[in-house]
Every structure is written in structure tokens, then in C-alpha cells.
Amino acid sequence: MKFLCDSMPKQDQFASSAVTDFFDFKFCSLRPKAMRKLFEAEVQDLQNEFMADSEVTVLERKYKTDVPADGFPAYAKEIWDTIVHEKDLDLPSQKKMLALYRCEEISRIIFTTFQTSIQLFKTIHSQGQIIDHFADKAKEAVDKAIGEYSENSKRYDETVAREKKSDLMNKMEASLNIIFQSQIKMIITF
């Protein structure tokens with residue numbers, strides 16, 4: 001658990017935090033079920049540890065206990081939504097699924113920003129003007145977007161990140177190609 005926690009990216013305020021700062025762990029073992037009497041006694045002892053009025057309890061008073069059992073699924077969903085929106089989740093068992101979700105989200109955000117950055121090209125072009133140094137300006141916009149994507153997607157599964165990067169490149173090229181083709185037509189008609 002320590003290794004998993006240490007390998008996860010954390011916000012600056014939690015950079016030196018240990019897994020035990022967030023979670024309490026307790027491990028126990030039970031005898032084989034074939035040893036029925038001892039097994040049942042150990043199961044009863046374990047069950048008692050989950051009773052709030054027990055002398056030895058895993059449900060310490062410092063924990064919130066105001067979540068009713070029938071509300072737990074909704075509560076757990078809210079916790080998961082919080083984890084998703086913190087955007088720093090990188091659990092190895094969920095790496096591929098998480099990479100698909102996050103890289104697609106990163107790509108979408110970067111593409112929206114890219115579209116905004118090339119809006120000036122569209123405005124100049126819609127006024128019937130040729131965009132000076134279009135190739136250099138387009139390359140600069142693409143390089144900036146790819147740099148941001150690479151920086152934000154570097155923690156996720158490399159294969160997924162690479163595929164989504166390629167998709168992002170194709171979308172940006174398609175957007176620029178429309179302007180480029182139109183600009184070529186304008187140059188030819190001059």
C-alpha cells in the first residue's frame with residue numbers, strides 16, 4: 001500500500017503524506033472453515049470489531065458514522081465523483097480505463113483551446129485577407145497544443161495517451177486544412 005501511495009501523483013499540500021494519513025489498515029487471518037468451531041469464534045470476534053459499542057472496534061469515533069446503510073451506494077458514488085474530479089487518480093489496476101477517460105478529456109479541453117487560438121485565423125480569413133506566415137503560426141499553435149497534451153497525459157497509459165494524441169493531431173490538422181485550402185483558393189484567385 002505504501003508503494004501504491006508513494007507512486008501516485010499528489011497535490012503539493014499532500015506531497016509528503018503517507019498512506020496511513022488517509023487510511024487505517026488492519027489485517028486479520030481466519031482459520032480454515034474445516035476447523036469450524038475455531039473459525040466461527042474468530043468470525044464472531046471479527047464481527048464484534050465492527051460493532052460501535054465493542055471494546056476493540058475498527059469503527060473509531062473519529063470517523064463519520066452518520067451515513068445510513070441504504071444511503072451508502074449514493075455516498076460511495078459521491079466519493080468516486082470527487083476522486084474523478086480531483087483528476088490525479090492513477091491506480092495501477094484502473095490505469096487503462098482511467099487513461100481512456102482522462103486522455104479523452106485532456107484532448108477535448110486542449111482541442112477547444114486550440115480552436116479558440118486559431119479563431120484569429122478564421123476571422124482574418126473571413127475578411128478576405130491572406131494570413132501572413134500561416135504555416136509558422138499554425139505550427140506554433142499545434143506545437144503548443146501537443147506540448148500541453150503531452151504534459152497533462154504523461155502519467156497515463158502510454159499506448160492510450162499516444163492514440164489520443166494522434167486523434168488530437170488529426171482533428172487539429174483537419175481544422176487547419178479547411179483554412180489552408182480556403183487560403184490557397186484565395187491566393188489562386190488574386
Side-chain angles (χ1 to χ4, degrees), residues 1-19 21-23 73-190:
M1 292 307 232
K2 180 183 180 322
F3 171 77
L4 288 175
C5 184
D6 291 345
S7 68
M8 288 174 44
K10 300 179 194 112
Q11 294 176 352
D12 291 340
Q13 70 223 40
F14 301 116
S16 62
S17 298
V19 69
D21 294 339
F22 304 103
F23 301 100
Y75 181 69
K77 183 183 180 315
E78 286 181 28
I79 291 171
W80 179 250
D81 288 343
T82 300
I83 291 169
V84 168
H85 290 103
E86 285 298 318
K87 302 184 184 342
D88 284 332
L89 183 65
D90 192 345
L91 300 174
S93 64
Q94 300 292 322
K95 215 169 190 176
K96 267 260 201 257
M97 182 183 72
L98 178 63
L100 284 168
Y101 171 77
R102 287 292 297 135
C103 290
E104 183 63 38
E105 182 180 41
I106 292 166
S107 176
R108 182 182 45 76
I109 291 167
I110 300 271
F111 185 68
T112 301
T113 303
F114 172 79
Q115 288 289 78
T116 302
S117 74
I118 67 168
Q119 187 59 43
L120 178 62
F121 299 163
K122 293 176 182 178
T123 303
I124 291 170
H125 187 18
S126 69
Q127 295 169 351
Q129 299 175 9
I130 294 175
I131 303 165
D132 293 330
H133 307 287
F134 176 73
D136 294 336
K137 292 174 181 175
K139 182 180 181 331
E140 184 180 325
V142 168
D143 289 348
K144 181 180 179 194
I146 291 300
E148 288 176 20
Y149 174 85
S150 296
E151 179 62 29
N152 288 303
S153 66
K154 70 183 179 186
R155 295 186 314 254
Y156 302 102
D157 183 78
E158 195 175 316
T159 305
V160 173
R162 193 173 33 248
E163 288 171 8
K164 295 299 177 184
K165 182 179 180 179
S166 177
D167 293 346
L168 176 61
M169 284 289 298
N170 290 338
K171 288 178 9 182
M172 289 188 298
E173 286 174 7
S175 292
L176 290 171
N177 192 38
I178 293 168
I179 299 169
F180 176 74
Q181 293 297 327
S182 186
Q183 184 153 315
I184 293 294
K185 286 179 187 174
M186 286 175 63
I187 291 171
I188 291 171
T189 60
F190 268 168

Item to check | Pair listing, ring pair (Phe, Tyr, Trp, His ring centres under 6.0 Å) test, anchored in residues 132-152, at least two apart | outcome: Phe121-Phe134
Checklist outcome for this item: Interatomic distance, NZ@Lys164 vs CG@Asp157, rounded to 0.5 Å, equals 12.0 Å
Item to check | Glu140, CD atom: more than 12 neighbouring heavy atoms under 6.0 Å | outcome: no
Checklist entry - Near Glu158 CD, under 6.0 Å, is it more than 12 heavy atoms from other residues, nucleotides or ligands? => result no
Checklist outcome for this item: Ile130 and Gln183 have their tightest heavy-atom pair at CG2-NE2, 3.5 Å
Checklist entry - Is there side-chain contact between Arg162 and Thr159, with heavy atoms separated by less than 4.5 Å? => result yes
Item to check | Trace of the side chain to side chain contact (heavy atoms under 4.5 Å, CB included) decision for Met169 with Val142 | outcome: CA-CA 8 Å; Met169 284 289 298; Val142 168; 4.0 Å; yes
Checklist outcome for this item: Rounded to the nearest 0.5 angstrom, the CD1-CD1 distance for Ile179 and Ile118 is 4.0 Å
Checklist entry - How long is the gap from CG on Asp143 to CG on Asp136, to the nearest 0.5 Å? => result 10.5 Å
Checklist entry - Quick check: does any side chain N or O of Glu148 sit under 3.5 Å from a backbone N or O of Ile110, one acting as donor and the other as acceptor? => result no
Item to check | NZ on Lys122 to CG on Leu176, rounded to 0.5 Å | outcome: 9.0 Å
Checklist entry - So Ile146 and Ser150, side chain to side chain contact (heavy atoms under 4.5 Å, CB included) or not? Walk me through it. => result CA-CA 6 Å; Ile146 291 300; Ser150 296; 4.0 Å; yes
Checklist outcome for this item: Phe111 meets the ring-ring contact (aromatic ring centres under 6.0 Å, His included) criterion, sequence neighbours left out, with none
Next on the checklist: Which heavy atom of Ser117 sits nearest to which heavy atom of Ala141, and what is that distance?
Outcome noted: OG-CB, 4.1 Å
Checklist outcome for this item: Interatomic distance, CD@Gln181 vs NZ@Lys185, rounded to 0.5 Å, equals 7.0 Å
Checklist entry - Got Asp167 and Ser107 here, is their nearest side-chain heavy-atom distance under 4.5 Å? => result no
Checklist entry - Just by distance, do the side chain of Lys144 and the backbone of Phe114 share a donor-acceptor pair under 3.5 Å? => result no
Item to check | Pairwise distance CD1(Ile106) to NZ(Lys154) - rounded to 0.5 angstrom | outcome: 11.5 Å
Checklist entry - Any side-chain heavy atom of His125 within less than 4.5 Å of one from Ser182? => result yes
Checklist entry - Under 4.5 Å between any side-chain heavy atoms of Val160 and Glu104, yes or no? => result no
Next on the checklist: Using a strict threshold of under 4.0 Å (side-chain N to carboxylate O), is an ion pair present between Glu105 and Arg102?
Outcome noted: yes
Checklist entry - Mind checking whether Glu173 and Asn170 have side chains closer than 4.5 Å, heavy atoms only? => result yes
